[in-house]
Each structure stands twice: as C-alpha cells, then as structure tokens.
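Since the structure comes first, as structure tokens, the remarks are kept for the end.
Quick note on labels: first sequence line is chain A, next is B, and so on, each numbered from 1.
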There are 2 protein chains.
Amino acid sequence: MTRNDEDPVALDALDRVTWALRRAELAVLALKEQRLRPLGMAAAHYTLMMSVHAEPGLTGAELARRLNVTPQAIASLVTRLEGRGLLERREHPRHRHVQELHLTPAGREALRAADAVIADVERHVTDDLGSDDTSELRALLNRVAKRAREA
Amino acid sequence: MTRNDEDPVALDALDRVTWALRRAELAVLALKEQRLRPLGMAAAHYTLMMSVHAEPGLTGAELARRLNVTPQAIASLVTRLEGRGLLERREHPRHRHVQELHLTPAGREALRAADAVIADVERHVTDDLGSDDTSELRALLNRVAKRAREA
DNA sequence: TGGTTACTATCAAACGCTTGATAAGAGCAA
DNA sequence: TTGCTCTTATCAAGCGTTTGATAGTAACCA
C-alpha cells in the first residue's frame, strides 16, 4: 500500500510494462516514419501493402479488421495507392459486389524498396539486442498480444 | 538469400520483432480503450492526466514533446478536460504568457478511477507472464526504446 | 419463391490531429 | 535602452479518421 489521500495515484504507474510497451512502439514507429518519408510512403501504406502481399486477394473489410481500423480508412488508403498504380481492385470471383486487392508490379517494386528500409530498422534494433534476446522478446510480445486479445 | 523475382519481399517480415511489438501494443491499447470507455475517458485523456499528475505544473508545449504530439493537440485535450473541471490552467509564476497545468480534486478522483482500470489491465498481462518474465520484458522494451531514439 | 440475415462497399458529417502562420513574453547582447 | 532570438500559445486550413446511415449482393431458410 503506497498511496494516501494526498497522492491518490501511485506514481510507479510509470514503470508498468504496458507503458514501456507503448514508449517502445512509439519510438520504433517514429523511426520507421522518418526513414520511410524520403520514399514518399507512410507507415500505414507499407503496412497495408505488406498485408496484401502476404495474403493476395484480401478484401477491404477483412483488411480493416486485421489492421484495427475502419473499412473507410482502408478504402481511403486503397484509393490513393490505386491512383498511384501500386494497388488494384479486382472483382471477387463469387461475390460481384466485393473486390479483391492485389499489388501491381509497380506496387511490388515500391514495397520492396520500403521493406528494405523497414528491414534496416529491424536490424538496427536486433543488432543491439543480440539473437537470443531478440527471440525472447518476440516470444514475450506474442504472449502479451495473445493475452490482451483473449481478455 | 531467400527471395527471388516472383516474391520480391520476404514473408518472414511478419516474424519481425517490430511487428510483434506493434501487434502487442495495438492489442493492449484496444483493451485499455475498451475498459476506459465506460468511464467516459479516452486513453489519451488518461495519459495526459497521468503525466500532469506525475509532474504538476507541466506546460502545454513540454507535454506535447513528451507525448509525441503537437501543442495544438494538447491544447484541444486540455480545453476539453478543463471544461469538465478535471484540469486547470494557472499562470506561470515567471512567464506570464505561459500557463501551468494542474489537476483539480475532481481530476484526481477521475484519474484514480481510470488508473484502477489501467492497473487491472496491467495485472491481467503480468499475471500471465509471471514476475520474472515481466521484469525481463520491461528491460528489453526499454532497451528497444532507447536504441530506436538514438538512431 | 420470397423473405430474412449477414457482409461488403460507400456516402456524408463530425471529430481529432497536423501543418503553417501569427502574436506575445522572456532572456540576452550590443 | 533597442534589437535579436527562443519559447509559448493560439488561430486557420487541410487531411485522415471515425461514426452513422444507405445500398447492393450472397447465403440461408421458410
């Protein structure tokens, strides 16, 4: 019991793992954005394209669920990427109203360039940790994510 | 070398630590937002109030730097919280143009309630990890954050 | 066959944040 | 003192997102 009426909230809140998690993610994200900027690509674009690359034919709604955003946000990004010729919408073979998303060759090339940047950031972090701690960290993070989702 | 012309981007990108970091943070953040909602408080409100609680008299600009957002975003949140009577702006003793931020008694009470929710989420995660792995994870995350910032 | 349900896509409005620009005060140097 | 610089706060406009609502399509079932 470390709190009293004068100080209603324990200040050790700043030592919480979920805070450390947040700050680490913010720092890494900021670094990625900074490195990606010269390529004219935002982190959100990279994430979307990588998702489509990993699972071609993904639908907008499905993508929205995976990335934890609304379908409209996806549609907005897709429209922009489609306008740049990096992504294309195709009619779903069974559902005429639904559209599949696929990368164009230019999209694959842009993704390759962006991924080189991201891989570099990853390397910068893992070089510091070493391979054992990297594996350990990944395992722990996966446990946290799983636990948070099943809450 | 695991890639060829057909598959320009390695799919093991999905196993990267920085991806695991992102997903864990998203999952935890979503859980916090969900639990905080019944209290009528967003995670951003909680973060801001906790920061002010930890360092009373913080200025808007300073707060903006710590939370990685613009001063306008802070001002917007502060105006709202001030309107609800949770926060107050006071004139800085030396700089008349500058204003210090302080929690009101009602603000402290609201923060206490919100922090109970956050502490519960933290406990939910750490109960699963155990105290050794929790400490380890926290240490690793701090190393990652430091490394990313000094890039 | 017709009706219900579920899922997808999209439009419109509101909200929150950012970028850019403006103004006011404090500190410092000539 | 005057002038320069830094910092803070705030206004205005633009962008991206969410919430809410509408329409189209397929699957299931009475």
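- Taking a 6.0 Å sphere around CZ of R22(A), one finds it holds 12 or fewer heavy atoms contributed by other residues, nucleotides or ligands.
- Put simply, CZ on R23(A) and CH2 on W19(A) are 7.5 Å apart, with the number rounded to the nearest 0.5 Å.
- Between D120(A) atom CG and H124(A) atom NE2 the span is 8.5 Å, to the nearest 0.5 Å.
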Readout for nucleotides 6-18 of chain C: B = base within 4.0 Å of protein heavy atom, S = sugar-phosphate only, - = neither; 5' to 3' it is --BSBB----SSB
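- At least one side-chain heavy atom of L63(A) sits under 4.5 Å from a side-chain heavy atom of S51(A).
- There is a side-chain donor-acceptor pair under 3.5 Å between T79(A) and R89(A).
- Taking atom CG of residue L26(B) and atom P of nucleotide dT17(D), one finds them 14 Å apart after rounding to whole Å.
- Using a 3.5 Å distance cut-off with no hydrogens or angles, the side chains of T18(B) and E122(A) do pair a donor with an acceptor.
- dT18(D) atom P lies 17 Å from atom CD of Q34(B), rounded to whole Å.
- Taking atom NE2 of residue H95(A) and atom C1' of nucleotide dG24(D), one finds them 13 Å apart after rounding to whole Å.
- One interatomic measurement links the two molecules: CZ of R66(B) to P of dT8(D), which rounds to 11 Å at whole-angstrom precision.
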